[in-house]
There are 2 protein chains.
Amino acid sequence: MAISFTEENYLKVIHRLSEATSEDISTNAVAELMQTKAASVTDMLRKLAEKGWVNYQKYQGVRLSAEGEKIALSIVRKHRLWEVFLVDKMGFNWDEVHEIAEQLEHIESDQLVNKLDEYLGFPKTDPHGDPIPNKDGVLPELAYSHLSDIKAAKTCKLMGVAQDSAVFLQLLTKLNLSLGAKLDIQEINEFDRSIFVSINDAAPIFISHEVAKNILVKI
Amino acid sequence: MAISFTEENYLKVIHRLSEATSEDISTNAVAELMQTKAASVTDMLRKLAEKGWVNYQKYQGVRLSAEGEKIALSIVRKHRLWEVFLVDKMGFNWDEVHEIAEQLEHIESDQLVNKLDEYLGFPKTDPHGDPIPNKDGVLPELAYSHLSDIKAAKTCKLMGVAQDSAVFLQLLTKLNLSLGAKLDIQEINEFDRSIFVSINDAAPIFISHEVAKNILVKI
DNA sequence: TTTATTTTTTAGGTTAATCTAAAAATTATT
DNA sequence: AATAATTTTTAGATTAACCTAAAAAATAAA
Ligand SMILES: [Mn+2]
Ligand SMILES: [Mn+2]
Ligand SMILES: [Mn+2]
Ligand SMILES: [Mn+2]
């Protein structure tokens, strides 16, 4: 069955919201991420249910069906592989690739995706540390912690970010924070939950709780 | 001003038709290449004229404006660069890339196109021998002849094809005809205009006029 | 130079994806 | 349990891109 870019984007958004919770996804939550109105979402959910890609009962919220999940994962796979391509092969910075990948993720050719995967050396993660589903839609499980959840001074390694926005990524770059960076947590301040941390053995600096929430680390 | 995929495809088609003639382009000609109906074309031409991308007076046919020409060339540039990428980097055959490039040509990022161009080594032609417009929309002039127009036995080199269709390209591959092939024309048969030709010094074979019409050579 | 044929445009509809405003259902608060 | 607030759905429009059928204009043929 033919699928439109818009339908693909809806499935991707429902998938993203579903990763954070086991509850059904609300119309409003979808509307916010899709940057559209709830009324439009209701229309689309009816259509997606019709096509068998989501389970939806009015007023009850929505979940992806098995088939919908498969489609969503294939879009995520394409998005992340293209991001790797843009950074590794085209020389873009990690804060410049998300918007372009939003377009490239809709290119339809299984052959191309698999050749691209091979060309890139079957990467496990994208430039933001997010896992890349394999050909069969299986996501490698990466058990990372949010830097903001760490309770005591210890050493950890920056493995990913929880946000792709350019402003956030540019701030990290300014702080000399990139994938693989070594973080020696010196102190966690109770007052504003800021973290005093040494990055790659440099003199320690303060990182706000807001930033720490969006940094994923391996302990 | 925002442009849709459909509008881009119309401009590309008008551009393609304009290369073959200096006359205005007819509604029907556009309809045929766009695989749509003349009535739909009329609607679109009005809209494109409105946006300043074509000059159009009803019943008089259509031509690209300077701005329309610029847009069309940028799409052609993207199409052909992506085709080079697919063949040179992804390992596709020349008969497999056109459809995928039809999608990729709509990806919007000047930065990406220019980085891709550099990554590919600033190619002058695509995998079918078609010239690639540079950053400023300038097309390298390649003065090739149609094999079918050659009148006497002589030696020439295959430089391009006048058609991107998979069936045609696959036939050429079967005949051992690829870009750069050396053609020693032995004889031109008056009866069916077939050509008896040796390819890369192999035993000569017959090539139909229909095939010869779509082969571009340098003498 | 009429008449016939072909081409192009207009008129009126359809579908996908969106919107605003109003109604209905659900959830939260007295 | 009744009322208030919030969420979600429906109703009715809009826009882009398409369609068919009919009318109008241009071109070709008699
Ligand atoms: Mn991204
Ligand atoms: Mn990413
Ligand atoms: Mn092509
Ligand atoms: Mn080509």
Side-chain angles (χ1 to χ4, degrees), chain A residues 1-14 17-18 20-64 68 71-72 75 102-103 105-106 108, chain B residues 1-15 17-18 20-21 23-64 68 71-72 75 102-103 105-106 108:
Chain A
M1 198 178 303
I3 188 167
S4 70
F5 284 18
T6 306
E7 290 168 337
E8 290 190 342
N9 284 332
Y10 269 93
L11 293 178
K12 198 179 54 160
V13 156
I14 297 166
L17 291 166
S18 301
T21 174
S22 58
E23 317 258 296
D24 289 3
I25 305 306
S26 74
T27 300
N28 267 350
V30 173
E32 189 179 348
L33 273 197
M34 282 297 298
Q35 310 209 79
T36 186
K37 296 298 153 78
S40 308
V41 174
T42 300
D43 281 353
M44 181 56 81
L45 295 184
R46 277 242 256 80
K47 192 166 63 149
L48 295 176
E50 194 69 40
K51 293 197 172 191
W53 297 330
V54 302
N55 297 110
Y56 166 68
Q57 312 260 100
K58 59 161 118 162
Y59 295 106
Q60 301 310 125
V62 67
R63 319 202 62 170
L64 291 176
I71 296 169
I75 300 161
E102 285 291 314
Q103 301 178 59
E105 71 189 6
H106 301 293
E108 205 181 341
Chain B
M1 198 178 304
I3 187 167
S4 70
F5 284 17
T6 306
E7 290 167 336
E8 291 191 342
N9 285 332
Y10 269 93
L11 294 178
K12 197 180 54 162
V13 155
I14 297 166
H15 178 263
L17 290 165
S18 301
T21 174
E23 317 257 295
D24 289 3
I25 305 307
S26 74
T27 300
N28 267 349
V30 174
E32 190 179 347
L33 273 196
M34 282 298 297
Q35 310 210 79
T36 185
K37 296 298 152 79
S40 307
V41 174
T42 300
D43 281 353
M44 182 56 81
L45 295 184
R46 278 243 256 76
K47 191 166 62 149
L48 295 176
E50 194 69 38
K51 294 196 174 193
W53 297 329
V54 301
N55 298 112
Y56 166 68
Q57 313 259 102
K58 57 162 125 163
Y59 294 106
Q60 301 310 124
V62 68
R63 321 201 61 169
L64 291 176
I71 296 169
I75 300 161
E102 285 290 312
Q103 299 178 60
E105 71 190 5
H106 302 293
E108 205 181 343

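Just so it is clear: chains get the letters A, B, ... in the order the sequence lines come, proteins before strands, and each one is counted from 1.
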Using whole Å, what does the distance between atom [atom2] of nucleotide [N] and atom [atom1] of [X] come to?
| X | N | atom1 | atom2 | result |
| --- | --- | --- | --- | --- |
| A/E8 | C/dA16 | CD | P | 16 Å |
| A/F5 | C/dT18 | CZ | P | 14 Å |
| B/D43 | D/dT15 | CG | C1' | 13 Å |
| B/N28 | D/dA26 | CG | P | 16 Å |
| B/L45 | D/dC18 | CG | P | 12 Å |
| A/K37 | D/dT15 | NZ | P | 16 Å |

For residues 51-60 of chain B, please give each side-chain donor-acceptor pair under 3.5 Å, one per line with the distance, not counting sequence neighbours.
{"residue": "B/K51", "atom": "NZ", "partner": "B/A2", "partner atom": "O", "Å": "3.1"}
{"residue": "B/K51", "atom": "NZ", "partner": "B/E7", "partner atom": "OE1", "Å": "3.4"}
{"residue": "B/K51", "atom": "NZ", "partner": "B/E7", "partner atom": "OE2", "Å": "3.1"}
{"residue": "B/W53", "atom": "NE1", "partner": "B/E67", "partner atom": "OE2", "Å": "3.4"}

The criterion is side chain to side chain donor-acceptor pair (under 3.5 Å); which residues satisfy it with A/H106, sequence neighbours excluded? A/E8, A/N9
May I ask you to list the residues of residues 55-62 of chain B, by number, that have any heavy atom positioned under 4.0 Å from an atom of DNA chain C? B/Y56, B/K58, B/Y59
Run the side chain to side chain contact (heavy atoms under 4.5 Å, CB included) test against B/A39 and tell me which residues pass, sequence neighbours left out. none
Tell me, please, which residues at least two apart from A/A31 pass side chain to side chain contact (heavy atoms under 4.5 Å, CB included). A/V41
Test of understanding: with salt bridge (charged side-chain N to carboxylate O under 4.0 Å, His left out), list the residues that count as partners of B/E102, not counting sequence neighbours. B/K12
Salt bridge (charged side-chain N to carboxylate O under 4.0 Å, His left out) partners for B/D24, two or more places apart: B/R63
By nearest nucleotide on DNA chain D, pick out whichever of B/A39 and A/T42 is the more 5' one. A/T42
Does anything in residues 27-36 of chain B form a salt bridge (charged side-chain N to carboxylate O under 4.0 Å, His left out)? List the pairs, not counting sequence neighbours. none
Pick out the pairs of N or O atoms, protein on one side and nucleotides 3-5 of chain C on the other, that lie under 3.5 Å.
none

